[in-house]
There are 4 protein chains.
Amino acid sequence: MASVNKVILVGNLGRDPEMRTFPSGDQVANVRIATTDRWRDKNTGENKEATEWHSVVFHGRLAEIVGQYLKKGSQVYVEGSLRTRKWTDQSGQERYTTEIRADTMQMLGGRQGMGGGGGGSQGGDQFDDGFDSSPRRAPAAARAPAAASRPAAAPAPAQRPPASSSGFDELEDDIPF
Amino acid sequence: MASVNKVILVGNLGRDPEMRTFPSGDQVANVRIATTDRWRDKNTGENKEATEWHSVVFHGRLAEIVGQYLKKGSQVYVEGSLRTRKWTDQSGQERYTTEIRADTMQMLGGRQGMGGGGGGSQGGDQFDDGFDSSPRRAPAAARAPAAASRPAAAPAPAQRPPASSSGFDELEDDIPF
Amino acid sequence: MASVNKVILVGNLGRDPEMRTFPSGDQVANVRIATTDRWRDKNTGENKEATEWHSVVFHGRLAEIVGQYLKKGSQVYVEGSLRTRKWTDQSGQERYTTEIRADTMQMLGGRQGMGGGGGGSQGGDQFDDGFDSSPRRAPAAARAPAAASRPAAAPAPAQRPPASSSGFDELEDDIPF
Amino acid sequence: MASVNKVILVGNLGRDPEMRTFPSGDQVANVRIATTDRWRDKNTGENKEATEWHSVVFHGRLAEIVGQYLKKGSQVYVEGSLRTRKWTDQSGQERYTTEIRADTMQMLGGRQGMGGGGGGSQGGDQFDDGFDSSPRRAPAAARAPAAASRPAAAPAPAQRPPASSSGFDELEDDIPF
DNA sequence: TTTT
DNA sequence: TTTT
């Protein structure tokens with residue numbers, strides 16, 4: 001059946017990416033992204049705001065880029081799809097966590113939000129290392145793998161949802177997100 | 001801070017909408033929408049598929065339209081934003097549910113998936129009854145209220161997440177979704 | 001520089017796709033898609049509508065699917081990017097034509113709008129023939145080539161814009177669109 | 001008929017906005033936005049890039065914000081819809097120009113790209129003057145008017161397309177864009 | 001937990 | 001005509 005499952009976010013990282021590396025060398029990056037709505041209350045005239053936090057998962061080459069260039073505070077554009085994972089908590093109850101699986105990522109807003117220590121000329125945010133995460137013409141490696149397999153994540157008995165490991169069988173380093 | 005929080009879905013209703021009506025007459029519609037990915041496994045060559053289920057909440061005039069025209073199986077285009085609600089389950093544990101708050105809705109694919117009993121000419125899906133849910137030029141009533149207030153939903157002590165009631169204080173009829 | 005150039009359409013084909021085949025066997029499909037806005041005039045209370053026509057270009061495997069399954073009247077979801085081509089008309093003047101280069105396509109709304117003669121069970125629109133044009137997990141062949149080259153189309157001296165032939169050098173059959 | 005006509009851009013202004021003011025005081029802003037794709041050529045291995053230029057039209061309160069805060073070089077997120085206008089050139093020939101009518105706008109990337117002279121703390125891009133152009137909860141004034149009427153622009157006899165003036169009858173100051 |  |  002024809003279907004579309006698409007998420008588009010522009011927001012800021014709440015903290016540095018959580019990286020996990022697989023024995024194969026493949027990486028997964030988990031990131032928390034904040035989006036904030038601001039509006040004026042019709043009745044009271046007050047300025048209001050509400051922040052939404054999103055869990056975003058990056059795979060493969062995209063994860064590497066995230067680990068290398070993003071840090072707490074970075075502003076990013078992310079395009080991906082929703083995935084709700086089922087897991088079992090300590091008490092044996094089924095629980096659900098909704099994540100965004102990223103397909104593309106664009107760094108926004110100059111170097112101020114970039115990781116990697118390098119100062120560099122404020123105002124730029126270009127990658128000069130041969131990769132490209134443009135939505136349309138990016139090399140395969142800079143986008144999510146197009147037709148990855150989709151095994152269920154092995155759920156861990158935890159109170160917090162287990163880290164997403166879609167598409168991989170073993171974790172070298174399982175930092176819960 | 002500049003931010004974007006946008007979801008676009010094309011999928012089918014898993015069951016009829018769950019409607020709730022407020023004393024004011026305002027309505028909320030909760031809907032489960034399925035999106036299905038199909039792909040061929042690179043290694044085995046097998047055809048695979050995975051279905052994702054999304055909880056979508058409609059308010060106001062949009063909710064009325066949903067209640068009137070959509071039913072189990074209806075194919076829809078939905079545009080909205082992600083909202084994660086926190087609630088407390090029976091055992092006192094904090095839990096989270098992620099929903100899509102719909103801003104616009106478009107019925108797709110002819111009358112076959114429409115509610116309301118009417119047969120009508122198969123193949124069409126035009127509305128000729130004066131409302132309009134077009135993304136760009138819809139009358140205010142057919143889109144989500146533009147600058148609604150955003151009080152926290154009053155969480156109910158339940159094992160399932162309480163029905164979303166953002167923006168309203170009292171439920172006339174609280175069907176858990 | 002970080003950038004995003006994205007178009008999302010849901011609309012209907014104004015006529016059957018125009019197909020062109022290259023000596024290599026590659027195909028290009030040109031399609032005209034109508035989107036219609038309806039709204040009620042604030043001042044007069046009249047119902048109004050305006051139709052927008054979009055030129056959409058499909059390449060490679062996507063073009064083949066379009067040629068095989070879409071026809072006049074088909075309802076489709078298209079995701080792509082904007083491209084403005086420059087060409088020279090008969091009088092030597094520079095002119096510009098804006099097209100949407102499609103990355104993904106989803107057929108909507110049951111078989112009523114499908115080409116290929118087959119009747120089939122009205123109401124469904126599932127493909128069971130091994131291809132997949134889902135936005136996320138589609139096989140490479142059903143999406144636009146990820147990193148195609150981008151030579152300028154060779155402009156033809158015509159009053160109408162020449163057919164788009166980005167990425168190809170020779171046309172076997174040059175039907176102007 | 002159900003339809004969607006949506007454009008999402010992240011790019012930079014090629015020059016300062018062109019502002020026009022109507023006798024009523026309403027404003028229109030015309031902006032040129034560049035999006036750039038970069039990719040590595042599969043065959044030659046060369047880094048390539050192509051820039052696409054988009055004409056974007058803002059109305060009402062959004063136009064005012066654009067005039068006040070954006071300038072050449074500003075990085076923006078724009079959401080809108082495609083509109084192709086027909087006009088007649090000097091020689092009497094019908095010509096077409098495709099524009100993006102903006103519905104929402106988000107400034108990206110800190111103050112480095114902001115107009116208005118003010119230096120301020122680099123890295124910020126917040127508005128502190130009571131308006132809000134957030135996609136979801138913005139006050140009506142900061143988004144495009146929801147149900148504006150849609151009269152055809154009065155075409156001017158020019159070699160370049162006449163400036164877009166959808167929704168307005170008279171121009172106080174007609175700077176061609 | 002971000003950002004302004 | 002932008003940006004890196």
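As the structure is a computational prediction, the values presented were derived from the model and not from experiment. The chains referred to below are lettered A, B, ... by the order of the sequence lines, with proteins before strands, and numbering in each begins at 1.
Residues C/Arg95 and C/Thr88 bring no donor and acceptor atom of their side chains to less than 3.5 Å of each other.
In this pair, A/Trp53 lays its aromatic ring flat on the base of E/dT1, centres within 5.5 Å and planes under 30 degrees apart.
Here the P atom of nucleotide E/dT1 and the NE2 atom of A/His54 are 17 Å apart, to the nearest Å. In this structure, D/Gln75 atom CD and F/dT2 atom P are separated by 15 Å, rounded to whole Å. Atom P of nucleotide E/dT3 and atom OH of A/Tyr77 are separated by 22 Å, given to the nearest angstrom. The separation between D/Leu9 atom CG and F/dT2 atom C1' is 13 Å, rounded to whole Å. Atom pair A/Leu13:CG and E/dT3:P shows a separation of 10 Å (rounding to whole Å applied). The CG-P distance, from D/Asn12 to F/dT3, rounds to 7 Å in whole Å. In this entry the distance linking CE of A/Met107 with P of F/dT3 reads 18 Å, nearest Å. Per the geometry, CG belonging to D/Leu108 stands 16 Å off P belonging to E/dT3, to the nearest Å.
Closest to the side chain of A/Ala34, out of E/dT2, E/dT1, F/dT3, is E/dT2.
Interface remark: the A/Thr51 side chain does form a donor-acceptor pair with the E/dT2 base, using a distance-only criterion of under 3.5 Å.
Residues D/Ile100 and C/Leu82 form a side-chain contact, since some pair of their non-hydrogen atoms from C-beta on lies under 4.5 Å apart. Within the 4.5 Å cutoff, no side-chain heavy atoms of C/His54 are placed close to those of C/Val7.
Taking C/Glu94 as the reference, C/Lys86 meet the salt bridge (charged side-chain N to carboxylate O under 4.0 Å, His left out) condition, with sequence neighbours excluded.
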